[in-house]
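Here the structure comes first, spelled out in C-alpha cells, and everything after it is commentary.
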Amino acid sequence: MTIAPLRRGRNDPCHQRTSDGAIWRASLMESGPVTYRLVQHSRQEISARAWGPGGAEFLDQLPRMLCLDESTDDFRPTHPKLIDAHRRFPDLRMLRTGRVFEALVPSILEQKVHGIAALSSWRQLVRKYGTPAPGPAPAGLYVPPSAEVWRHVPSWEFHKANVDPQRSRTIVTAARMADKLDQAATMSHEDAQRRLRLVPGVGIWTAAEVAQRALGDADALSVGDYHLAAIVGWTLLGRPIDDAEMVEYLEPLRPHRYRAMQLLVVSGHAHKPKFGPRTTVTDHSWH
C-alpha cells in the first residue's frame with residue numbers, strides 16, 4: 001500500500017506485480033538504473049533485491065524510501081472513519097523515493113486531462129525513450145528516461161503521444177532544471193514546494209503529487225484535483241464540497257492531511273457518487 005502511489009496505471013511500464021505477489025519496479029538512481037523486487041512477508045517484514053548499477057544505492061536508501069523513520073504520534077483524527085482507518089492500517093507509511101524529477105514527469109502528464117489519456121501518454125513515451133530494466137526483470141519492464149533524454153524528445157513525438165504543447169514544454173523545461181529540482185529531496189517540505197513551483201507550468205497540485213511520492217510529505221494535499229474535494233465531502237460530511245471548504249475542514253489534520261486521504265483510500269472508506277458521463281475530461285487524476 002505504501003508503494004502503490006508509484007504505479008501509474010495498470011500497465012505502467014516501470015511497475016509490475018507478478019503472480020507470486022512480488023512488486024518489481026525500475027528506476028533511475030544517481031548511480032544508474034536499477035531493477036528492484038520487493039516481497040512483503042508480514043506486516044513487519046519485507047525482503048528486497050536489486051540489480052543494475054543503481055542497485056547498491058537503492059538498497060541503502062530503502063528504509064528512508066519507506067519512511068521507516070517517520071512518527072505518527074501527533075496524528076489524532078477525530079472523525080470515526082479516519083479513526084477506524086488508522087486503527088486498521090497503523091503501519092501505512094508515506095513514500096520518499098528522493099527521485100524528484102522522476103516523479104514530476106508523470107505528474108505533469110496528468111495535468112488537466114482524463115487519467116486514462118495521461119497514463120496512455122506515459123506508457124507510449126517510456127516504452128519509446130526508456131531503456132529495458134537491468135537484471136532478471138519481467139518482460140516489458142522499463143527504466144524511465146533520464147532528464148537528458150526528456151530534454152530532447154521532439155515536439156512531434158509528444159504530439160503523437162497526445163501530449164499538448166503546454167505540458168510538453170513544462171516537461172522539457174523541468175528536464176533542463178532536473179539537478180536543481182532533485183535538490184528538493186534535501187530541503188524542508190515548504191522549501192521543496194517552492195523549488196518545484198519555480199518550473200513554469202508546475203502549480204500546487206503537481207507539486208503536491210511529487211511531494212507525496214518523492215519527498216515523504218504526509219501533508220501534501222492535492223488541492224485543485226477534480227475529484228478530491230468531492231470525495232472528502234461525501235466520505236466525511238455526506239455532501240459535496242469545494243476546494244476552499246476542503247482545505248478549511250482538513251486544517252486540524254495538519255501535518256497529516258495526505259496521510260488521512262491515503263487512509264481513506266486503503267480502508268475503502270473513500271467514495272463519491274457517480275454522476276454524469278464516465279468520460280468527462282478531468283483537470284487532474286487523484287490516485
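Starting from 1, each residue takes its place in the sequence as its number. Side chains are part of it too, since the values below use all heavy atoms of this structure and drop only hydrogens, waters and symmetry mates.
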**Request:** Start with the C-alpha gap between R167 and E110, add the side-chain angles, then the distance that decides, and say whether salt bridge (charged side-chain N to carboxylate O under 4.0 Å, His left out) holds.
**Result:** CA-CA 9 Å; R167 287 181 294 149; E110 291 173 1; over 6 Å; no
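- Taking both residues in full, the closest heavy atoms of L59 and A48 are given as CD2-CB, 4.0 Å, listed atom of the first, atom of the second, then distance.
- The salt bridge (charged side-chain N to carboxylate O under 4.0 Å, His left out) search around D179 returns none, not counting sequence neighbours.
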**Request:** Begin from the C-alpha positions of H79 and Y249 and carry the test side chain to side chain contact (heavy atoms under 4.5 Å, CB included) through to its verdict.
**Result:** CA-CA 11 Å; H79 193 285; Y249 181 75; 3.6 Å; yes
**Prompt:** Can you check side chain to side chain contact (heavy atoms under 4.5 Å, CB included) on L38 and L62, steps first, answer last?
**Reply:** CA-CA 10 Å; L38 303 177; L62 182 57; 4.1 Å; yes
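- When the options V223, D219, L221 are evaluated for a side-chain contact (heavy atoms from CB on, under 4.5 Å) with L250, the one that passes is L221.
- One finds no salt bridge joining R213 and E102 here, because no Lys/Arg side-chain nitrogen approaches an Asp/Glu carboxylate oxygen to under 4.0 Å.
- Scored by the salt bridge (charged side-chain N to carboxylate O under 4.0 Å, His left out) test, D182 finds no partners at all (sequence neighbours excluded).
- Here the straight-line distance linking atom CZ of R99 with atom CE of M29 works out to 5.5 Å at 0.5 Å rounding.
- A tilted orientation is assigned to the rings of F75 and H256, their planes being inclined by 30° to 60°.
- Judged by distance alone, the side chain of E157 and the main-chain N or O of P154 form no donor-acceptor pair under 3.5 Å.
- Under the 4.5 Å side-chain heavy-atom criterion for Ile, Leu, Val, Met, Phe, Trp and Tyr, L109 and F101 are members of the same hydrophobic cluster.
- A continuous path of hydrophobic side-chain contacts links V202 to V100 [ILVMFWY only; heavy atoms under 4.5 Å].
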**Message:** Determine whether Q193 and V210 satisfy the following criterion, side chain to side chain contact (heavy atoms under 4.5 Å, CB included), listing intermediate values before the conclusion.
**Reply:** CA-CA 9 Å; Q193 289 279 320; V210 173; over 6 Å; no
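- Across every non-hydrogen atom of R43 and R88, the tightest pair is NH2-O, 3.5 Å.
- Side chain of S121 to backbone of A161: a donor-acceptor contact under 3.5 angstrom is found.
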**Request:** Kindly determine whether K81 and D84 satisfy salt bridge (charged side-chain N to carboxylate O under 4.0 Å, His left out), including the steps that lead there.
**Result:** CA-CA 5 Å; K81 289 183 178 178; D84 174 71; over 6 Å; no
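- The backbone N or O of L119 sits nowhere less than 3.5 Å from a side-chain atom of R8 that would complete a donor-acceptor pair.
- R257 has no carboxylate O lying under 4.0 Å from a charged side-chain N of D217, or vice versa, which leaves the two without a salt bridge.
- Between the T235 side chain and the H271 main chain, a donor and an acceptor come within less than 3.5 Å of each other.
- Within the 4.5 Å cutoff, side-chain heavy atoms of P144 are placed close to those of W122.
- Counting heavy atoms from C-beta on, the side chains of W156 and S168 never come closer than 4.5 Å.
- Counting only heavy atoms from C-beta outward, the side chains of P53 and P33 approach each other to under 4.5 Å.
- The two atoms that bring Q212 and S222 nearest to each other are NE2-OG, 2.8 Å, heavy atoms only.
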**Asked** Going through the checks in order, is the side chain to side chain contact (heavy atoms under 4.5 Å, CB included) test met by V143 and C14?
**Response** CA-CA 6 Å; V143 177; C14 304; over 6 Å; no
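- Considering all non-hydrogen atoms of both residues, A192 and A184 come closest at CB-O, 3.6 Å.
- At least one donor-acceptor pair under 3.5 Å links the side chain of Q111 to the backbone N or O of G201.
- There is no path of hydrophobic side-chain contacts, each under 4.5 Å, that joins L141 to V149.
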**Prompt:** Run the salt bridge (charged side-chain N to carboxylate O under 4.0 Å, His left out) check on R259 and E70 step by step: do they pass?
**Reply:** CA-CA 12 Å; R259 186 188 310 279; E70 73 174 357; 3.2 Å; yes
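- M1 CE to Q40 CD: the interatomic distance, rounded to the nearest 0.5 Å, is 8.5 Å.
- With salt bridges taken as basic N to acidic carboxylate O contacts below 4.0 Å, none links D12 and R7.
- Looking at heavy atoms from C-beta onward, T18 lies out of side-chain contact with I23 at the 4.5 angstrom threshold.
- Side-chain atoms of S120 never come within 3.5 Å of backbone atoms of A117 as a donor-acceptor pair (strictly under, hydrogens ignored).
- For the atom pair CD of E30 and CD of E57, the computed distance is 5.5 Å after rounding to the nearest 0.5 Å.
- Note that CD1 of I46 is 8.0 Å distant from NE2 of H41, once rounded to the nearest 0.5 Å.
- Across every non-hydrogen atom of A137 and A133, the tightest pair is CB-CB, 3.8 Å.
- With rounding to the nearest 0.5 angstrom, the CZ atom of R87 is 12.0 Å from the CG atom of L263.
- Contact check for W51 versus Y36: no side-chain heavy atoms found under the 4.5 Å cut-off.
- When side chains are defined from C-beta on, I108 does not count as touching V199, because their heavy atoms never get closer than 4.5 Å.
- Side-chain heavy atoms closer than 4.5 Å link hydrophobic residues (I, L, V, M, F, W, Y) into clusters, and following such links, possibly through other members, connects V172 to L181.
- Under the rule for a salt bridge (charged side-chain N to carboxylate O under 4.0 Å, His left out), the partners of D20 that lie at least two apart in sequence or sit in another chain are R37.
- Judged by distance alone, the side chain of H269 and the main-chain N or O of V265 form no donor-acceptor pair under 3.5 Å.
- Considering every non-hydrogen atom in both A229 and M246, the closest pair reads CA-SD, 3.6 Å.
- Hydrophobic clustering keeps M177 apart from M187 (ILVMFWY residues linked when any side-chain heavy atoms are closer than 4.5 Å, directly or through intermediates).
- Interatomic distance, T186 OG1 to R195 CZ, rounded to the nearest 0.5 Å: 8.0 Å.
- Taking 4.5 Å as the limit, every side-chain heavy atom of R25 sits out of range of all side-chain heavy atoms of T35.
- Around the CZ atom of R123, the shell of radius 6.0 Å holds more than 12 heavy atoms that belong to other residues, nucleotides or ligands.
- Within 6.0 Å of atom CD in E248, 12 or fewer heavy atoms from other residues, nucleotides or ligands are found, so the atom counts as exposed in its surroundings.
- A 4.5 Å side-chain heavy-atom check between L264 and L236 finds at least one atom pair inside the cut-off.
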